Trainee: 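Structure below; questions to follow.
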Number of protein chains: 2
Amino acid sequence: MAVSIKDVAQRAGVSVATVSRVFGNGPVSPELRERVEKAIAATGYRPNLSARRLRSQHSQTIGLMVADIRSPFFTALSRVVEDEAYRSGLRVILCNTDESAEREAMYLRLMEEERVTGLIWSPTRGSLERLADEDPPFPVVLVDRGGPVGRHDSVVLDNQQATATLVRHLHTIGRGRIVGLFGNTSSTAVDRHLGYLTATAALGLSSEAFFVPPNAEAAEREIVKVFSRPDRPDGVIASSSAILLGVVKAMRRLGLRTPDDVAIAGFDNETWSELVGPGLTVIEQPVGDIGRMAMTLLFDRLRAPKAPARKVMLSGRLIVRGSTAPVTGLVDEPVD
Amino acid sequence: MAVSIKDVAQRAGVSVATVSRVFGNGPVSPELRERVEKAIAATGYRPNLSARRLRSQHSQTIGLMVADIRSPFFTALSRVVEDEAYRSGLRVILCNTDESAEREAMYLRLMEEERVTGLIWSPTRGSLERLADEDPPFPVVLVDRGGPVGRHDSVVLDNQQATATLVRHLHTIGRGRIVGLFGNTSSTAVDRHLGYLTATAALGLSSEAFFVPPNAEAAEREIVKVFSRPDRPDGVIASSSAILLGVVKAMRRLGLRTPDDVAIAGFDNETWSELVGPGLTVIEQPVGDIGRMAMTLLFDRLRAPKAPARKVMLSGRLIVRGSTAPVTGLVDEPVD
DNA sequence: GAAACCACTGAAAAGGATTACATGAGGCTT
DNA sequence: AAGCCTCATGTAATCCTTTTCAGTGGTTTC
């Protein structure tokens, strides 16, 4: 049996309440405090967090639920969230849903059993809709995937704006037939699609959008199919880094040169983005800010449960690289 | 106040013990079981995991402690470990140490307070040595960084063998001045360095090794320095994917062509490895197997606490790509 | 027909902390 | 000197389960 607070109390010649107060910064005389601390050191006592949580009715735990931690955006997000959480004395329970509504439901139940104080969640489209009907018994902050309105706090990239920026950039370097390739599971892709449609329409460009499973292989297949048709597009916008990688692979396979034959651009700046092909033009997400803002929203919510929901939109940053370099001699507009 | 087992019992007209048995698959008559299940559904009861853990003295939780979840190897590892854990009804506590011994110690204390049933840990070199002196009060499985002997179970790549394979491969394509670039924090790098020394010696090659902080920037700086000297090496081996990226960046900056001027190779196969430059030659680690084996070792250990420690070594797979293609006209040995 | 056994069930203890409440000792005010 | 705070401390209740133990009623065994 491990050493409990009783053993420490006995050894220090005080009551268990006093030992507890030493941990909780309650009022304890310097003399007793020292005796207790000595006893703790001597016994190697470690407070039992389960007991503490049970009694104090405070789990000191939050949930983080994403599609797949291996997706670079979520990797970075989780790192930020964990850092912030530990700094505030909170534990994090990480869940990978693989975009499955069933697993989301299962993990939601788990969160309830853990009595989490809050959840940071990037839900699938289905769950996002269902979330409008019934609330979990803890505050939820949506992240990355915000949905239309908001009974819940959310923090997302300004996806429409960001995608429009990409479209306008491709137009600037003289591309007129720009196709969009979007993931078929997230609401993010819906917003990005909308931005794509709006921007192409505003510029008087044709538009053609494809929705694929959000992985490189599916994207590659789709692009190979699209570019095997007689009149090829001259630009591609990809709605995630995985999809963008698939596009690059497809270009290699088809023997098309970037940016000469096709200019390509997408989302998420990774360590390798500048080293793939001629360098990839991307929208960089402020993932650090997104994660910290999510935590801030959660803390605010805990303080004011009834306050109206807030939706925070952050803007991305366009990083221009070789994959959208202007083709010399073909373009005479100035590049901004 | 949330609904407790008492409320369910009351509503179903049974004792709390019976409700508990419904969850624990104890002996309950079909009739009562149904009444209890109805009451659970009606009340929306969720068992309180803190209370359960306190009473049953079983945390159903394991720890996973790595340097940085953003490092691709650890990202993949964490995904495997989480999957395996949830499949067995275990929670995972993830900790990022940033290679700091101080944070390792802090998180070890946290693990004790959580009463984890075990820890999967990729320790810094310092902690690895200290681990020889005193044991945490739970089983530890070392992963990726195994250390020399073993009071603890461990599962690692055969790093010496893998690095030797890289050296021999570079030699096969006609490279004779191969430098090695290794991280300066992990024991992994030590093993890889040893493999590098052994293999170059066996082939009668000169050797020159550098130890750098395990990030792309530091690696880039070091390589730029080394390659600015009069007689350039013609091959580089990097001991991690981050370092390898730094090498690629350095080559760009120096205007050196790969593989013509310098052949480069390293560790860890990522989604983007084939798309960076001419494609990167790497040793692929069986990260899925490593993670699953770590869990297996942990479960075995829980069953047999006194059994002798096991050290499992898995072998990597060489993936040859453009960064080590033979230079035409310069080499006449056959490529294997 | 008594004994042994079985399958269920409930009452109550236990697990390890926090915390409401009671107590007692000093120090102040009046 | 009585009354009243304040501060430090201890006692005991409480958080919500699981689990032990002791039935209960019914069936099988000898």
Side-chain angles (χ1 to χ4, degrees), chain A residues 1-37 39-40 43-61 89 91 109-117 137, chain B residues 1-37 39-40 43-61 89 91 109-117 137:
Chain A
M1 188 68 56
V3 31
S4 84
I5 199 172
K6 243 182 200 162
D7 307 304
V8 176
Q10 210 155 25
R11 187 175 186 115
V14 301
S15 72
V16 292
T18 300
V19 178
S20 175
R21 281 191 268 260
V22 167
F23 280 94
N25 296 320
V28 180
S29 69
E31 187 204 326
L32 284 201
R33 182 179 294 273
E34 197 191 319
R35 272 186 12 222
V36 169
E37 275 163 359
I40 290 173
T43 54
Y45 167 70
R46 293 281 180 272
N48 183 318
L49 285 184
S50 292
R52 176 176 290 176
R53 289 183 181 130
L54 171 61
R55 171 60 230 221
S56 68
Q57 299 287 72
H58 207 306
S59 69
Q60 306 278 51
T61 302
R91 246 48 82 223
R109 189 153 49 244
L110 170 65
M111 299 289 157
E112 291 188 39
E113 298 184 356
E114 291 275 6
R115 303 292 193 268
V116 295
T117 57
Chain B
M1 187 67 57
V3 32
S4 85
I5 199 172
K6 240 182 200 162
D7 306 303
V8 176
Q10 210 155 26
R11 186 174 185 117
V14 300
S15 73
V16 292
T18 300
V19 178
S20 175
R21 281 192 268 261
V22 167
F23 279 94
N25 297 318
V28 180
S29 69
E31 186 203 328
L32 284 200
R33 181 178 296 272
E34 197 191 320
R35 267 180 23 216
V36 168
E37 274 163 359
I40 291 171
T43 53
Y45 168 70
R46 294 279 181 273
N48 182 319
L49 285 185
S50 290
R52 174 176 291 178
R53 288 183 182 130
L54 172 59
R55 173 60 232 217
S56 67
Q57 298 288 71
H58 207 308
S59 70
Q60 306 277 52
T61 302
R91 245 48 81 226
R109 188 154 48 246
L110 170 65
M111 297 291 157
E112 291 186 39
E113 298 184 356
E114 292 276 7
R115 304 291 192 268
V116 296
T117 58

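Please read all numbers here as calculations on a predicted model, not as lab measurements. Reminder, nothing fancy here: chain letters follow the sequence lines and each chain counts from 1.
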Trainee: Quickly work out the A:I5 CD1 to D:dG10 C1' distance and round it to whole Å.
Mentor: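 Going from CD1 in A:I5 over to C1' in D:dG10 covers 13 Å.
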Trainee: How long is the line joining CG of A:N48 and P of C:dA14, in whole Å?
Mentor: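 Distance, rounded to whole Å: 18 Å.
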Trainee: Between C1' on C:dG16 and CZ on B:R115, what's the gap in Å once rounded to a whole number?
Mentor: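 B:R115 atom CZ is separated from C:dG16 atom C1' by 9 Å.
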Trainee: Under 4.0 Å between a side-chain nitrogen and a carboxylate oxygen: does that hold for A:R35 and A:E31?
Mentor: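 Counted as a salt bridge, because a side-chain N and a carboxylate O are separated by less than 4.0 Å.
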Trainee: Between A:L110 and B:L49, is any pair of side-chain heavy atoms under 4.5 Å apart?
Mentor: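 Yes. Closest side-chain heavy atoms under 4.5 Å.
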Trainee: Apply side-chain contact (heavy atoms from CB on, under 4.5 Å) to A:R11 and list each qualifying residue two or more places apart in sequence or on a separate chain.
Mentor: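 Residues passing side-chain contact (heavy atoms from CB on, under 4.5 Å) with A:R11: A:A39, A:A42, A:T43.
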Trainee: Got A:S4 and A:N48 here, is their nearest side-chain heavy-atom distance under 4.5 Å?
Mentor: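 A:S4 does not reach A:N48 side chain to side chain.
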Trainee: So, OP1 or OP2 of C:dG10: does either fall under 4.0 Å of a side-chain N or O from B:S15?
Mentor: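 B:S15 to C:dG10 OP1/OP2: side-chain N or O found under 4.0 Å.
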Trainee: OP1, OP2 of C:dA7 versus side-chain N and O of B:S29: anything below 4.0 Å?
Mentor: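 Checking B:S29 against C:dA7: no side-chain N or O falls below 4.0 Å of OP1 or OP2.
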Trainee: Taking CG from A:L54 and C1' from C:dG16, how many angstroms apart are they, rounded to a whole number?
Mentor: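 So the CG-C1' distance, A:L54 to C:dG16, works out to 9 Å.
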Trainee: Do A:R55 and D:dT14 share a donor-acceptor pair, side chain to base, under 3.5 Å?
Mentor: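 Between D:dT14 and A:R55, which were checked side chain against base, a qualifying N/O pair under 3.5 Å is present.
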Trainee: Does this structure show an ion pair linking B:E113 with A:R52, if we count only N-O contacts that are shorter than 4.0 Å?
Mentor: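 So B:E113 does not pair with A:R52 through a salt bridge.
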Trainee: Map A:V16 and B:R52 onto DNA chain C by nearest heavy atom, then report which one ends up closer to the 5' terminus.
Mentor: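 Closer to the 5' end of DNA chain C: B:R52.
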Trainee: Quick check on side chain to side chain contact (heavy atoms under 4.5 Å, CB included): which of B:V36, B:V19, B:T18 does B:V28 satisfy it with?
Mentor: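 Between B:V28 and the candidates, side chain to side chain contact (heavy atoms under 4.5 Å, CB included) is satisfied uniquely by B:T18.
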Trainee: So does B:Q57 get a side-chain nitrogen or oxygen closer than 4.0 Å to the phosphate oxygens (OP1/OP2) of D:dT17?
Mentor: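 Result: no.
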Trainee: For A:K6 and D:dG10, give me the distance from atom NZ to atom P, rounded to whole Å.
Mentor: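 Atom NZ in A:K6 sits about 15 Å away from atom P in D:dG10.
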Trainee: What's the OH-C1' distance between A:Y45 and C:dG16, to the nearest Å?
Mentor: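 Distance check: A:Y45 OH to C:dG16 C1' gives 7 Å.
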Trainee: Counting just side-chain N and O atoms, does A:S56 come under 4.0 Å of either OP1 or OP2 of C:dA17?
Mentor: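 No.
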Trainee: Once rounded to the nearest 0.5 Å, what's the spacing between atom CZ of B:R33 and atom CG of B:N25?
Mentor: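 These two atoms lie 6.5 Å from each other.
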Trainee: Hey, does B:E114 have a side-chain heavy atom less than 4.5 Å from the side chain of B:S59?
Mentor: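 They are not in side-chain contact.
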Trainee: Measure from CZ on B:R33 to P on C:dT9 and round the result to the nearest Å.
Mentor: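 After rounding, the gap between these two atoms is 9 Å.
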Trainee: Could you check whether any side-chain heavy atom of A:R53 comes within less than 4.5 Å of a side-chain heavy atom of A:R91, counting everything from C-beta outward?
Mentor: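 A side-chain contact exists here, since the closest heavy-atom pair is under 4.5 Å.
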Trainee: Where along residues 17-28 of chain A does a heavy atom come under 4.0 Å from DNA chain D, residue by residue in number order?
Mentor: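 Residues of residues 17-28 of chain A under 4.0 Å from DNA chain D: A:A17, A:T18, A:R21, A:P27, A:V28.
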Trainee: Once rounded to the nearest 0.5 Å, what's the spacing between atom CZ of A:R115 and atom OG1 of A:T61?
Mentor: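 Reported value, rounded in 0.5 Å steps: 12.0 Å.
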Trainee: Can you tell me how far C1' of D:dC16 sits from CD of B:Q10, to the nearest Å?
Mentor: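 It is 15 Å, rounded to the nearest whole Å.
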Trainee: For a quick check of understanding: with a heavy-atom distance under 4.0 Å over all strands, which category does B:L32 fall into, base, sugar-phosphate or nothing?
Mentor: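 Contact class for B:L32: sugar-phosphate only.
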Trainee: Using C1' atoms of five pairs at each end, report the bend of the helix from C:dG1-D:dC30 to C:dT30-D:dA1 rounded to 10 degrees.
Mentor: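 Nearest ten degrees gives 40° for this helix.
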